[in-house]
Amino acid sequence: MMTPRPDLAPDATLSRGEMETLQREIADVAVFADDDPPLEPETLSNPLAATSTGGEPPIVAGVDQSFLLDSDDSGDEDGGTDDRALSAVVAMQAGEVIERVFAVTPLEIPYIPGLLSFREGRPILDALEELSVEPDLYLFDGSGRIHFRQAGIATHMGVVRDVPSIGVAKSLLCGSPREDLENLPAGTTIPIEATDRVDAPEGTLLGYAVQTKQYESSSRYVNPLYVSPGHRVGPETAAEVVLALSEGYKLPEPVRLADSYATEAKGEVVDGGE
DNA sequence: GCGACAG
DNA sequence: ATCTTGTCGC
């Protein structure tokens with residue numbers, strides 16, 4: 001059954017300790033395993049692939065943020081700023097973009113490693129509210145279970161909306177790779193396991209380093225992505241989904257398009273706004 | 001005091 | 001994240 005948890009939405013007015021407590025609560029209700037009828041990675045990118053249920057191809061949404069920063073110290077009476085965050089969402093189905101939306105909200109707190117969702121969560125939830133289609137899966141820029149309290153931004157957003165979600169990060173927040181990550185061939189996945197800094201038994205599988213792209217014969221190397229379950233998706237499926245959606249580029253297509261749309265929409269806001 | 005960590 | 005030039009490789 002679908003049970004959204006708006007009561008667990010990020011609240012920037014909470015104290016740091018309260019935010020961390022909320023994250024433990026979120027990790028507690030999060031499901032780091034596949035849904036019963038699990039999603040089939042191959043059906044996300046291949047329009048012709050038959051789904052086991054024979055229904056419509058699944059809808060995947062990529063979510064990414066850009067920022068409108070003032071960097072102007074004048075007029076900031078009470079220490080606050082006019083900086084804003086813009087969250088962009090690109091929904092795709094059978095390899096085609098079917099909808100794009102975005103939302104802008106004021107930035108209330110600074111970036112603090114481990115508390116990213118409290119800074120960027122509001123615009124994301126607002127943007128998701130604008131969506132007319134209902135994605136079967138969401139890919140967020142940032143961590144899911146690879147997080148000190150197992151509640152990265154992908155997990156937080158996934159639990160609040162109770163939708164399947166995956167975290168796609170470009171650098172490793174915590175956890176330890178089971179093998180070296182130097183110059184891996186495309187398609188390689190290396191387990192990332194919990195260390196003593198993570199709220200999970202040491203050795204717990206948190207996610208995978210996923211090499212979506214690599215140069216053939218050169219002196220230039222591509223770094224892997226760090227993929228982890230957000231909610232209602234297991235680590236293996238999360239890695240497979242990212243590989244299936246990353247044809248030709250390092251980032252999976254929905255996230256790559258959300259990234260460029262976030263930049264594009266920022267321009268529209270700047271000239272149309274005050 | 002040291003550690004050092006998504007975007 | 002954001003601010004930017006140049007350099008590399010396809």
Side-chain angles (χ1 to χ4, degrees), chain A residues 10 12 16 19-20 23 26-27 62-72 81-88 102 104-124 127 138-158 165-177 181 183 186 192 194-200 206-210 213-230 238 242 247-252 255-256 258-267 269-270:
Chain A
R16 181 164 179 157
M19 289 179 181
E20 295 178 351
Q23 290 183 324
I26 288 162
V63 185
D64 191 25
Q65 287 68 246
S66 65
F67 300 84
L68 297 133
L69 308 177
D70 283 353
S71 63
D72 182 356
T81 73
D82 293 331
D83 294 344
R84 291 168 292 174
L86 185 160
S87 181
F102 73 85
V104 180
T105 73
L107 279 171
E108 304 178 292
I109 60 171
Y111 164 68
I112 300 170
L115 298 179
L116 183 66
S117 65
F118 289 88
R119 174 175 167 83
E120 307 183 359
R122 191 66 265 161
I124 291 175
Y138 294 79
L139 265 52
F140 293 92
D141 62 309
S143 289
R145 194 182 188 181
I146 295 180
H147 180 276
F148 309 117
R149 292 164 293 280
Q150 304 186 86
I153 194 162
T155 300
H156 199 158
M157 300 297 98
S165 65
I166 293 172
V168 180
K170 291 182 283 299
S171 58
L172 191 59
L173 176 62
C174 59
S176 172
L181 303 177
N183 194 25
I192 301 295
T195 63
D196 57 356
R197 298 168 57 197
V198 180
D199 262 3
L206 300 178
Y208 286 93
V210 178
K213 179 186 175 67
Q214 189 55 276
Y215 292 132
E216 195 65 31
S217 57
S218 77
S219 54
R220 205 139 199 95
Y221 298 9
V222 176
N223 295 130
L225 291 176
Y226 299 92
V227 179
S228 57
V242 170
E247 282 302 320
Y249 297 90
K250 172 173 178 174
L251 289 174
V255 175
R256 194 177 72 82
D259 183 280
S260 60
Y261 183 45
T263 300
E264 176 190 334
K266 176 163 64 170
V269 172
V270 169

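Everything numeric here is computed off the predicted structure, so don't read it as measured data. We name chains A, B, ... by the order of the sequence lines, and we start the count at 1 in each one. Note that these values count all heavy atoms, side chains included, but never hydrogens, waters or copies made by symmetry.
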*Asks:* Reading DNA chain B 5' to 3', what string of ( ), [ ], | and . shows its pairs, if Watson-Crick and G-U wobble pairs count only when both distances fall under 3.5 Å?
*Replies:* .......

*Asks:* Rounded to whole Å, how long is the line connecting atom NZ of A:K213 with atom P of C:dC8?
*Replies:*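 It works out to 19 Å between those atoms.
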
*Asks:* Does some side-chain heavy atom of A:F140 sit less than 4.5 Å from a side-chain heavy atom of A:M157?
*Replies:*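 They are in side-chain contact.
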
*Asks:* Kindly indicate whether the side chain of A:Q150, heavy atoms from C-beta on, has any atom under 4.5 Å from the side chain of A:Q23.
*Replies:* no

*Asks:* How would you summarise protein contacts on nucleotides 1-7 of chain B per nucleotide, using B for base, S for sugar-phosphate only and - for none, with heavy-atom distances below 4.0 Å?
*Replies:* ----BBB

*Asks:* Is there a side-chain contact between A:S228 and A:L206 in this structure, where contact means two heavy atoms from C-beta onward sitting under 4.5 Å apart?
*Replies:* no

*Asks:* Can you measure from CG (A:L251) to CG (A:D259) and round to the nearest 0.5 angstrom?
*Replies:*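 Reported value, rounded in 0.5 Å steps: 6.5 Å.
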
*Asks:* Anything under 3.5 Å between a donor and an acceptor, one on a side chain of residues 108-120 of chain A, the other on a protein residue two or more places apart or in another chain? List them.
*Replies:*
unit_1	atom_1	unit_2	atom_2	d
A:S117	OG	A:H156	ND1	2.8
A:R119	NH1	A:I109	O	2.7
A:E120	OE1	A:Q65	NE2	3.0

*Asks:* Who passes side chain to side chain donor-acceptor pair (under 3.5 Å) against A:Y208, sequence neighbours left out?
*Replies:*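 If we apply the side chain to side chain donor-acceptor pair (under 3.5 Å) test to A:Y208, skipping adjacent residues, the hits are A:E236.
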
*Asks:* Exactly one of A:V270, A:D83, A:D82 should register a side-chain contact (heavy atoms from CB on, under 4.5 Å) with A:L68. Which one does?
*Replies:* A:V270

*Asks:* With sequence neighbours left out, write down each residue that passes side chain to side chain donor-acceptor pair (under 3.5 Å) with A:E247, or none if nothing qualifies.
*Replies:* none

*Asks:* Using a 3.5 Å limit on both pairing distances, list the dot-bracket string of DNA chain C from the 5' end; Watson-Crick and G-U wobble pairs count, crossing pairs take [ ], interstrand pairs take |.
*Replies:* ..........

*Asks:* A:V168 versus A:V242: any side-chain heavy-atom pair under 4.5 Å?
*Replies:*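 Sidechains of A:V242 and A:V168: in contact.
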
*Asks:* Would you say that A:P123 contacts A:V104 through its side chain, given a criterion of any heavy-atom pair below 4.5 Å between the two side chains?
*Replies:* no

